[in-house]
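Proteins come first, then strands; the chains are lettered A, B, ... in the order of their sequence lines, and each starts at number 1.
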There are 2 protein chains.
Amino acid sequence: MSPQSDPSPSANASASGKSSSKRAKDAIPDIVIGRLPIYLRTLQLLAEEGREVTSSQELGERLGISSAQIRKDLSHFGEFGKQGTGYNIPYLIRQLEKILHVDRLWPVVLVGAGSLGRAIANYQGFESRGFRIAAVFDEDPAKVGEAVGALTIEEASQIPQRVQELGAQIGIIAVPVHAAQRVADTLIQAGIRGILCYAPITLKVPEYVRVEYIDPLIHLQHMTYYLGQANGETGGA
Amino acid sequence: MSPQSDPSPSANASASGKSSSKRAKDAIPDIVIGRLPIYLRTLQLLAEEGREVTSSQELGERLGISSAQIRKDLSHFGEFGKQGTGYNIPYLIRQLEKILHVDRLWPVVLVGAGSLGRAIANYQGFESRGFRIAAVFDEDPAKVGEAVGALTIEEASQIPQRVQELGAQIGIIAVPVHAAQRVADTLIQAGIRGILCYAPITLKVPEYVRVEYIDPLIHLQHMTYYLGQANGETGGA
DNA sequence: GAGAGTTTGTGATAAAATCCACGAAGTCGA
DNA sequence: TCGACTTCGTGGATTTTATCACAAACTCTC
């Protein structure tokens, strides 16, 4: 959740949030969808270790999830395993990539070129997982023209045109909290349908826009509830 | 969320995860705890706007959560509102800070001084929300001695001693995935009880350690399920 | 190729989370 | 003071999520 990863009503958190989404009654639960990327990530790790097959039990132990849950989650989408053997890892990876629509490269625009924005732009893990940072914007004219990795910081005023050109449907917001809603409005106006928001605020967006949140403070505060304190409070183990 | 913000069984969430935590049967549900930081964040935003009171309805609209849910969540901890009026914002903020144990400053150690680690170290929002980055470590000897904001990067070998000195109970992991488990083991050995992990991996930790995850890819992939595609797939609105 | 051992997929059941709706408490204006 | 309105806190119904447990399918050894 959320906590970004908000447990927001809709999109969260993962400290994040989840989006409601009232779809057809036979729609697959959002909470199930939320676990698929975790399965995928774990499978890719196993694949890198050279493994060929795994089981719901092994996966479950690795993730701290029951094997039944994993089987039931996957069963929403088809039958991917084989009794007595388990799951073929490369095959299941391909299936999950298809289900999550990351069997392609999504161009993503990033707004905000402070230290967080630059860290995101420099992250090398996106490309192999379905995403490419295609442009970086900042509202500060002083930053425009600077290089960030292979990209050049562009003026925020260029967002509508560039989103169009790039065919981007996803935007990442890495600006200070006071600018976040304004940037979100701009992105949505430009045609963006999914937003990953690093600013500590719940955005107001049309229902057709999916927002996910990342806010480390939400996670830290969730944690401190359990860490309790020397003063003998509850909430601890 | 688990994702991280994992929706893990226990701790993860969110694109993060959540930790199980089998506590007394009268324990407050983890999912409720997960929403408290979001309430707190929103109340602080309202306070900065100069507001004195709010209602469960207003809060709910702002967050996309039902007002009943907010009232029920808060009712686990006491009666903070007044009929006909709502909640006094400064008062409720203080109560939530107490409940979440952020009515103090938690020293946090950060491991990893790449661009992500530096972005975290430079973030100015921690101090006013209960946390202070007290030390930064990196395994790369070439980085040791460099300045990051007001801090100096220290050798990873110093972790045990420094965690002791600082009395830190929380660690943030911002290292590449292949180093994450090793760093986690070191931190736990040093006495850390809560970890915020930015590496895309589910850590193996003793049950008394609380782990929260942040992984933007988890959120992006969750999102693309719904963004569907031109090729007429399901999963969309 | 028979038998012991795995592992999946899934109905049925149990547990958890959310929502509904209402009594009680409080506000406000005249 | 009274009546119309607002809002909380909460028991209980409803909906959602997770777990259980088992038949069927498959593997592997001898």
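Considering only side-chain N and O atoms, Ser56(A) lies nowhere under 4.0 angstrom from the phosphate OP1 or OP2 of dT7(C). Phosphate contact (OP1/OP2 of dT19(D), side-chain N/O of Ser66(A), threshold under 4.0 Å): present. In terms of phosphate contacts, Arg71(B) brings no side-chain nitrogen or oxygen within less than 4.0 Å of OP1 or OP2 of dG11(D). Of the side-chain N and O atoms in Tyr87(A), one or more sit less than 4.0 angstrom from OP1 or OP2 of dG9(C).
Rounding to whole angstrom units, CG of residue Leu92(B) and P of dT7(D) are separated by 16 Å. Between the CG atom of Asp30(A) and the P atom of dT18(C) there is a distance of 13 Å, rounded to whole Å. A straight line from CD1 of Ile89(B) to P of dT7(D) spans 13 Å, rounded to a whole angstrom. Atom CD in Gln69(A) sits about 14 Å away from atom P in dA16(C), given to the nearest Å. When the C1' atom of dC19(C) is taken as reference, atom CG of Asp73(B) falls 12 Å away, rounded to whole Å. Taking atom NZ on Lys82(B) and atom C1' on dC28(C), their separation rounds to 14 Å, with Å as the unit. Atom C1' of nucleotide dA25(C) and atom CD of Glu79(B) are separated by 11 Å, given to the nearest angstrom. For the pair Gln95(B) CD and dG9(D) C1', the computed distance is 17 Å after rounding to whole Å.
Among the nucleotides dC8(D), dT7(C), dT10(C), the one closest to any side-chain atom of Ser75(A) is dT10(C). Which of dT8(C), dT18(C), dA18(D) sits closest to the side chain of Ile31(B) comes down to dT18(C).
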Test Leu59(A) against Ile65(A) for side-chain contact (heavy atoms from CB on, under 4.5 Å), laying out the working first.
CA-CA 8 Å; Leu59(A) 232 36; Ile65(A) 292 182; over 6 Å; no
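Electrostatic pairing of Glu79(A) and Arg71(A) does not count as a salt bridge here, judged by no charged N lying under 4.0 Å from a carboxylate O. A salt bridge is defined here as a Lys NZ or Arg NE, NH1 or NH2 lying under 4.0 Å from an Asp or Glu carboxylate O, and Asp30(B) with Arg210(B) meets this definition. Arg35(A) and Asp73(A) are joined by a salt bridge, as a carboxylate oxygen and a charged side-chain nitrogen come within less than 4.0 angstrom of each other.
Neither side chain, Asp185(B) nor Gln189(B), offers a donor N or O lying under 3.5 Å from an acceptor on the other. With 3.5 Å as the limit, one finds no donor-acceptor pair spanning the side chains of Thr42(A) and Arg62(A). Checking Arg41(B) against Gln221(A) by side-chain atom types alone, no donor-acceptor pair falls below 3.5 Å.
Along DNA chain C, the nucleotide closest to Gly86(A) and the one closest to His76(A) are compared, and the more 5′ of them pairs with Gly86(A). Along DNA chain D, the nucleotide closest to Lys72(B) and the one closest to Ser67(B) are compared, and the more 5′ of them pairs with Ser67(B).
Sequence neighbours left out, the pairs with a member in residues 168-184 of chain B that pass salt bridge (charged side-chain N to carboxylate O under 4.0 Å, His left out) are Glu139(B)-Arg182(B).
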With the criterion being N/O to N/O and under 3.5 Å, what pairs connect the protein with nucleotides 3-6 of chain C, and how long is each?
| from | atom 1 | to | atom 2 | distance (Å) |
| --- | --- | --- | --- | --- |
| dT6(C) | O2 | Gly84(A) | N | 3.4 |

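Summary for the helix from dG1(C)-dC30(D) to dA30(C)-dT1(D): the axes at its two ends, each from 5 pairs, differ by 30° when rounded to the nearest 10 degrees.
Between the side chain of Ser56(B) and the main chain of Ile70(B), no donor-acceptor pair closer than 3.5 Å is present. With hydrogens and angles disregarded, a donor-acceptor distance shorter than 3.5 Å links the side chain of Arg193(B) to the backbone of Leu227(A).
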